[in-house]
Structures are given as C-alpha cells and as structure tokens.
Amino acid sequence: MESFALCSPSPPSFSPSRLSLLRRPKLSLSKSQLSIPHNPISSPIRSSSYLSIYSPPLFSSTAHFSLFSPKPISFNPLKKPLHSSSQQNPNTASAPASPPNSPPPQGAKLIPFLISISIGLIVRFLVPKPPEVTLQAWQLLSIFLSTIAGLVLSPLPVGAWAFLGLTTSIVTRTLTFSTAFGAFTNEVIWLIVISFFFARGFVKTGLGDRIATYFVKWLGKSTLGLSYGLTVSEALIAPAMPSTTARAGGVFLPIITSLSLSAGSKPGDPSAKKLGSYLVQSQFQSAGNSSALFLTAAAQNLLCLKLAEELGVKIASPWVAWFKAASLPAIVCLLATPLVLYKLYPPEIKDTPDAPAMAAKKLEQMGPVTRNEWVMVGTMLLAVYLWVFGEAIGVASVVAAMLGLSILLLSGVLDWDDCLSEKSAWDTLAWFAILVGMAGQLTNLGIVSWMSDCVAKSLQSFSLSWPAAFGILQAAYFFIHYLFASQTAHVGALYSAFLAMNVASGVPGVLAALALAYNTNLFGALTHYSSGQAAVYYGAGYIDLPDVFKMGFIMALVNALIWAVVGSFWWKFLGLY
C-alpha cells in the first residue's frame, strides 16, 4: 500500500558500454505471447501508464515498462512470464486468431464497478444504522467503503475512482466542497509528491545504480555476500528514494538479473534455482524492512502518521522517533533475512567470484561521479539533515523537501518537464488527498470511535490485558492483507480503525501507531499481489507462485517473531510503554 511507481516520458540515455552488466540476451517471441516478454531487465518503473504500490495488481494487470527496453511491453503479475518458443502448440493451431487491432476497453469494468457500488448501497440502505451514528456519518461510511472496494477491485484507475467517490460525497451533500477538498493542502501529501521527484533524480542521474554496484563489488564474492550487499545498499538508498517499487524496478532487479544470467541462471527455467531465485526472493523479503526503517522510505509511512494525527496521536520529531523505534528490530531483520532464506531457499551456486569483477568493470565504464550525481548526493544529505533536525530550527519536513527540489531544478538535475511528466506523483496527490480527507471526516463524525468502542468492548469481555489485545489486533491487521492488493488501500480502509481499537483497549497511542505503520511495510511481501514491488519481483520470472506464498508466510512469521521479541525490549527501553 508501499509503495510508488516512477514514471518517465522517455528512457534515459545509456551507452552500450554502461549496460555491460545489464546486457540482455536476444529473444524471439511468438505472437501469441501476451504476458511479460522474456526481458528480465526491463524496468517496471518507467511507464507510459503506471505501476504503483497503490494500483492493485490482483485486479488491475496492465502497465508498460520501458527503462531498459525501447518499446513498451505488457506486464501481468497474475501470469508467469511466457518465454520464447519457435513452435506453436499443435493443439491450438486451428483456433481462430484474435482480432489484431481490437480496441482497448473503455470506461469502467462492469463487474468490479457493480460490486464496488453495491457494497456502499447495501451499507447505506440495507444495514440498520446504529442509533449513536448520525445519518451524515453513515452515508459517508457507505461512500468510503465503496471507494475502498474500488481501490481493491479497480473498475477504474485509482485516481479516477477516488475522484468519483469525492464527487459522490459532494453531490449527495454528505460533505461540502471546501471540506471535501480540504486535504489537498495537507503538508504530508505534498511531501509525498515531492518525494516522487527525488526518486526520479536517483534514476535519471544513475546514482542509485552506482551505489548498488559498489556494494556488489565489495561484498559479491559469494552468493550470500552478494545478497547482503544488495540488501545494505537498498537500506542506504531507501530514505531518499521513497518508493519500493522504484527501487526494485529501477535499481535492483536489473542488477540481480544480469548477475543471474551471467551465472547461467535463467527465468522461467530450472536453472533459475542456481542464483536468480534466491537473490530475487531475498531482496523481495528484505525490502519491507528497508521501508520500515525510515519514515521517508515509503509514502504509506507518512500517510499512517497523518491518520494517527487525525486521531489525536501526535508524534514529536517524527523522523527521529520513527527511526529510533524501528532501528534495532529492522536492522536485525535485515541481517537475518538473507541468512534464513539461504538455509530455507538455498541457491545452487554458493560462490560468485566473477561478480565483483563485473561490477568493477561496470563502474569503470560509468566513469567518475558526475556533477549531477554530486548535486543529488548533496541535496539528499541536506534534505535528510533537515528532516532529522528541522523542527529544532523551525523548518518543517515539507519545506525541507521543497528546498531540495528547488536545488535540483536550479542546478538542472531535474527540469520542470520531469516534474510534469511524473504522472504517479500527480495521481497520488489526487487520491491520497481524497482518502485522507474522507478518513479525517469519518473520525470527525464519530464513525471510527464508534467502531473502535465496539471492538474494544468485545475484547474487554474476554478480560484481555492491553499487551494481549495489542498482539491480537496487530496480527489481525497484518494477515488481513491477504485480502488486499494495495498497501495504501489497506491503510485507508483499516489503519484508523485499528489504531482506535488499540487505544480503546489501553495500548499506548504512539506504540500502537508506530507498530501498525511498521506492519504496513512488512506485509508487502506476503503474496505476488500484495504490493508494487511484489509484482515487479514476481514478474521477473525467477520465483514460482507456490514459493511466493510459502516463503512469504514463513518470513512473515520470522519478522513477527523478531519484531515482537527485539521490538518489545527495545520499545520498553525507549519508554514507548
């Protein structure tokens, strides 16, 4: 609900020599292949439409990728990649060919549309309204539930469906125009938008690629060391590149794929187990902890804290407080994940002696650090410094981000066309603001407190202590994500309610708010549809669907154990309870 896609109007300019590490084999695709081509290094983040953490891959399956391929290609996370074949299946030779130029479907998808609308209508007109809830609040709840259902089922693109929900709330006079659009001036939402532009700068300058390649050079002599190098480099990039999907598709999947192919490990082939399957699985499972480590490592982190503030749980010095609380359990998980998977999901190749040489050659071909990369480094160090210490000198987080973007524009690292072409940023501005606005009004109208009181009374009837209630609610919030194909849809639908339930059960507010927010990152690796990066890594073709679910569940238990044990002692030491 992790998080964002990075969209760009045209691929960056790369010389053939710079792509030596990422060179792909020539392929021959049959005309019947409609899934992702066997192009393992096509980056899923530069798209003519978009692929986002918040664009549910379970129901919305098409995006166009073009970071390393000159033409858009089709991506379907529900299907394993189809690989080249020179022969047609004789059993299908006589089947009639589909029309070559059939027009794309227009408007809303009928069945998802009807289901989404029906949910709201049933709540509004068939479910009895509780006497303690006003008609306005009940009506807004029904609109909100239809909006959330549409985010999951995707009858329209996310932004379009959210806009319909907002329009409905105004047309039905549930909300006034000024109230409905009030969240568009929210500082957190604009911080998220500007973060998209920072992520584009990392990809455009090649800085993210350079950092990851250095770690391959330093730690890549063995498969386990290679995995640790990639994991550590993502953790370092994460606070300044707040999109797990962008990091996966723009930096790490291309490097993993090129290393795997050089070792003879091919996607969609038994040889995938040699190296590629392990590296993809390890990076995929580590990404959630990288996002949980820093407040600015994923956009949904900022949304969680904003929703917590709506409920009266305000965290002082949020960037520092977030990092302090997450640091020990997240770092332990980052260190444990490659090793645990090395034992449970072992690669056939244990040593990779050629990887450092390949990385060194690539760095040599990339040449010295460019002026734009130095500007990007300096700008992000300034932004992070202000995010950490800004409150002490009166500089808000969004102002720090604005200063950073201004430097990138003035120096030419980014131009205004880069910002205008960042479709996901503007799309996120629209539907994040709508979700935040609706959630805030549900709180103001008493819906969230009513729901939390009902659940809290049920828990109290079992005479549970607050730690027991805390554990049950956290586990429920985590595993409910099997029903969601978007981390942000999950946050919008359930975060406020679960936080209110925790507080009503006696859980300290700051502890509950942070724990739920950390969980929002960790459940992004449960399935192949649970987040944007899940679709990216699964779509590479190196991991089979049963392994995604199996390893996702096992690593969820491992993460839960580490965060519960290490986190409980650490949070007690920090005074969170």
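Keep in mind that the numbers below use all heavy atoms, side chains included, and drop hydrogens, waters and symmetry copies.
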Revision key, fill the gap. Heavy-atom nearest pair, Asn521 first then Ala298, reads OD1-CB, 3.6 Å
**Study point:** Tyr477 and Thr520 side chains, donor-acceptor separation under 3.5 Å
**Key:** yes
Check your understanding: Would you say the ring centroid of Phe553 lies under 6.0 angstrom from that of Phe549?
Key -> no
Review point. Is the OH atom of Tyr577 crowded by more than 12 outside heavy atoms at less than 6.0 Å?
Key: yes
Check your understanding: So how far is it from Leu516 CG to Leu511 CG, rounded to the nearest 0.5 Å?
Key -> 9.0 Å
Study note, to complete from the structure: Value for NZ (Lys221) from NZ (Lys217), rounded to nearest 0.5 Å, stands at 11.5 Å
Check your understanding: Taking atom types as modelled, is there a side-chain donor on Thr370 or Glu373 under 3.5 Å from an acceptor on the other?
Key -> yes
**Study point:** Check: Ile349 and Pro347 side chains under 4.5 Å, non-hydrogen atoms
**Key:** no
Review point. When you measure from the centre of the six-membered ring of Tyr345, is the NZ or CZ of Lys550 under 6.0 Å away and within 45° of the axis?
Key: no
Point to revise | side chain to side chain contact (heavy atoms under 4.5 Å, CB included) between Leu514 and Trp571, intermediate numbers included | key: CA-CA 11 Å; Leu514 290 174; Trp571 296 334; over 6 Å; no
Review point. Got a donor-acceptor contact below 3.5 angstrom from the Ser317 side chain to the Val320 backbone?
Key: no
Review point. With respect to Trp563, which candidate in Val332, Asn519, Asn289, Leu328 satisfies the side chain to side chain contact (heavy atoms under 4.5 Å, CB included) definition?
Key: Asn289
Revision key, fill the gap. For Pro356 and Thr352 the tightest heavy-atom approach is CD-O, 3.5 Å
Point to revise | Validation row: Arg247, Ser291 side chains within 4.5 angstrom (heavy atoms) | key: yes
Point to revise | Pro329 and Tyr518, any side-chain heavy atoms less than 4.5 Å apart | key: no
Review point. Taking the side chain from Ser227 and the backbone from Leu224, do they hold a donor-acceptor pair closer than 3.5 Å?
Key: no
Check your understanding: How far apart are the C-alpha atoms of Leu253 and Val536, what are their side-chain angles, what is the distance that settles it, and do they pass the side chain to side chain contact (heavy atoms under 4.5 Å, CB included) test?
Key -> CA-CA 8 Å; Leu253 182 58; Val536 171; 3.8 Å; yes
Revision key, fill the gap. Ala183 and Ala433 have their tightest heavy-atom pair at CB-O, 3.2 Å
**Study point:** Positive for side chain to side chain contact (heavy atoms under 4.5 Å, CB included) with Leu259, one of Ile256, Thr257, Ile255
**Key:** Ile255
Exercise for review: Indicate the ring-plane relationship of Phe389 and Tyr385, choosing parallel, tilted or perpendicular according to the 30° and 60° boundaries.
Suggested key: tilted
Check your understanding: Any side-chain heavy atom of Leu226 within less than 4.5 Å of one from Leu219?
Key -> no
Check your understanding: Looking only at heavy atoms, which two atoms of Ala512 and Val507 are closest? And how far apart?
Key -> CB-CG1, 3.8 Å
Exercise for review: Side-chain contact test, heavy atoms from C-beta onward, threshold under 4.5 Å: evaluate it for Ile237 versus Phe252 and give yes or no.
Suggested key: yes
Exercise for review: Kindly indicate, with the supporting measurements, whether the criterion side chain to side chain contact (heavy atoms under 4.5 Å, CB included) is fulfilled by Leu363 and Tyr214.
Suggested key: CA-CA 8 Å; Leu363 289 169; Tyr214 268 115; 3.7 Å; yes
Check your understanding: Looking only at heavy atoms, what is the nearest atom pair of Ala248 and Pro254, with distance?
Key -> O-CD, 4.0 Å
Exercise for review: Just say parallel, tilted or perpendicular for the rings of Trp218 and Phe215, cut-offs at 30° and 60°.
Suggested key: perpendicular
Exercise for review: For Asp547 and Gln281, test the side chains for any donor-to-acceptor distance below 3.5 angstrom and give the result as yes or no.
Suggested key: no
Review point. Quick one: are the ring centres of His528 and Tyr537 less than 6.0 Å apart?
Key: no
Check your understanding: Would Ile393 and Leu386 count as a side chain to side chain contact (heavy atoms under 4.5 Å, CB included) if you check the C-alpha gap in whole Å, the side-chain angles of each, and the deciding distance to 0.1 Å?
Key -> CA-CA 9 Å; Ile393 58 176; Leu386 291 176; 3.9 Å; yes
Check your understanding: Is a side-chain donor or acceptor of Ser286 paired with a backbone partner of Gln283 at a separation under 3.5 angstrom?
Key -> no
Check your understanding: Are any non-hydrogen side-chain atoms of Leu429 and Trp190 less than 4.5 angstrom apart?
Key -> yes
Review point. Any donor and acceptor pair, going by atom type alone, linking the side chain of Ser265 with main-chain N or O of Ser260 inside 3.5 Å?
Key: no
Check your understanding: What distance do Leu230 atom CG and Thr213 atom OG1 have between them, rounded to the nearest 0.5 Å?
Key -> 9.0 Å
Exercise for review: Can you measure from CE (Met555) to CG (Leu561) and round to the nearest 0.5 angstrom?
Suggested key: 11.0 Å
Revision key, fill the gap. Interatomic distance, CG@Leu473 vs CH2@Trp466, rounded to 0.5 Å, equals 12.0 Å
Point to revise | Inter-residue atom distance Ser530.OG - Phe523.CZ, 0.5 Å rounding | key: 8.5 Å
Sequence neighbours excluded and cut-off under 3.5 Å, please list the side-chain donor-acceptor pairs for residues 494-503, or say none.
| unit_1 | atom_1 | unit_2 | atom_2 | d |
| --- | --- | --- | --- | --- |
| Tyr495 | OH | Ala513 | O | 2.9 |
| Asn502 | ND2 | Phe498 | O | 2.7 |

Exercise for review: Indicate yes or no for a side-chain donor-acceptor contact from Tyr278 to the backbone of Pro338 under 3.5 Å, with no hydrogens or angles considered.
Suggested key: yes
Review point. Which atom names give the shortest non-hydrogen contact between Ala400 and Ala383, and what distance separates them?
Key: CB-O, 4.4 Å
Point to revise | Minimum side-chain heavy-atom gap Ser290-Glu234 below 4.5 Å | key: yes
Point to revise | Inter- and intrachain pairs under ring-ring contact (aromatic ring centres under 6.0 Å, His included), touching residues 293-316, at least two apart | key: Phe294-Trp319, Phe294-Phe323
Check your understanding: Where the side chain of Ser277 meets the backbone of Ala272, is there a donor-acceptor pair that is under 3.5 Å apart?
Key -> yes
Practice item. Without swapping roles, check the side chain of Ser327 against the backbone of Lys324 for a donor-acceptor pair under 3.5 Å. Key: yes
**Study point:** Validation row: Trp322, Asn301 side chains within 4.5 angstrom (heavy atoms)
**Key:** yes
